[in-house]
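Notes follow once the structure below has been shown.
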Amino acid sequence: MKIAVYPGSFDPITKGHTDVIARAAGLFDELIIAVSENPNKSPMFTAAERVLLIEESVKHIESGNCKIRVMSHDGLLVDFVRHCKAAFIVKGLRAISDFESEFQMASANQKLAPELDSVFIMTRVEYMYLSSSMVKEIAKYQGDISALVGPHVVEAMDEKFNRGMIL
Ligand code: PNS
């Protein structure tokens, strides 16, 4: 059984994330999407909301024999990965600018848990520029985010903004 954990803030999940999930599903028997609670980042959506948005986003993915699960976690990623009995951490890699921080995180995780491997999936060119922060920035100014996130995410963001939330 090849089990992998795909961790992130997913605040909110974008089409770039969904693409990485679909492709990772072709590589592993089980893929656990791990939503980091990370209160330091003051996320727009609660962890529970982010889990629901991801579940809706991955529903349509033809995952073949791969079982996809979505969970939230707090604390060290490697502890969660070990708890899941996974051997791999999946991350998406966009531009070179991602490399430095991803290299740093992968190195720290390797030091903490040498038995785990980080696996990087190169983002498709059309999603190279896409990030959750960019989606929030565009939505904040009433821009059209429908090409960047699923329709249920557009709806959830509209709801947040209608409630007068300030980013
Ligand atoms: O989507 P993001 O914000 O780039 O994801 C970052 C995340 C959640 C994967 C990273 O911050 C993380 O692994 N946090 C858990 C805490 C941890 O284990 N830190 C040490 C490894 S760098």
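Counting convention: from 1, in listed order, for ligands and their atoms alike. Position 1 is the first residue of the sequence; numbering continues from there.
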Which residue owns the protein heavy atom closest to atom 16 (C) of ligand 1, what's the atom, and how far is it?
G75 O, 3.4 Å
Starting from atom 21 (C) of ligand 1, locate the nearest protein heavy atom and write down its residue, its atom name and how far away it is, to 0.1 Å.
N109 OD1, 3.3 Å
How far apart are the closest heavy atoms of T18 and S57, and which atoms are they?
CG2-O, 3.6 Å
min-distance protein heavy atom vs atom 9 (C) of ligand 1 -> K91 NZ, 3.7 Å
Pick whichever of K111, H17, M105, Q104 has a heavy atom sitting closest to atom 22 (S) of ligand 1.
M105
Might you work through the side chain to side chain contact (heavy atoms under 4.5 Å, CB included) test for M44 and E49, ending with a clear yes or no?
CA-CA 10 Å; M44 183 178 194; E49 286 171 331; over 6 Å; no
Any Lys/Arg nitrogen of E115 or R82 sitting under 4.0 Å from an Asp/Glu carboxylate oxygen of the other?
yes
Heavy-atom contacts under 4.0 Å between L112 and ligand 1: side chain, backbone, both, or neither?
neither
Just by modelled atom types, is the F45 backbone N or O under 3.5 Å from a matching donor or acceptor in the R50 side chain?
yes
Once you measure the plane-to-plane angle for F103 and F99, does it fall in the parallel (<30°), tilted (30-60°) or perpendicular (>60°) bin?
parallel
Which residue and atom name correspond to the protein heavy atom nearest atom 8 (C) of ligand 1, and how close is it?
S36 CB, 3.4 Å
When only distance counts, is V78 in polar contact with ligand 1, meaning an N/O pair under 3.5 Å?
no
Run down the list V81, V5, L76, D11 and name the one with the heavy atom closest to atom 19 (N) of ligand 1.
L76
On a heavy-atom basis, the closest approach of K136 and F161 is O-CZ, 4.1 Å
Go through the steps for D19 and R23 under the test salt bridge (charged side-chain N to carboxylate O under 4.0 Å, His left out), then give the verdict.
CA-CA 6 Å; D19 173 56; R23 288 159 63 205; 3.0 Å; yes
Of the protein's non-hydrogen atoms, which lies at the shortest distance from atom 5 (O) of ligand 1, and what is that distance?
G8 CA, 3.5 Å
Sole residue of L77, V78, V5 in side-chain contact (heavy atoms from CB on, under 4.5 Å) with L116
V78
Is any N or O atom of S9, backbone or side chain, closer than 3.5 Å to an N or O atom of ligand 1?
yes
At what distance is the nearest protein heavy atom to atom 18 (O) of ligand 1, and which residue and atom is it?
L77 N, 2.7 Å
protein heavy-atom neighbour closest to atom 4 (O) of ligand 1 works out as K41 NZ, 4.3 Å
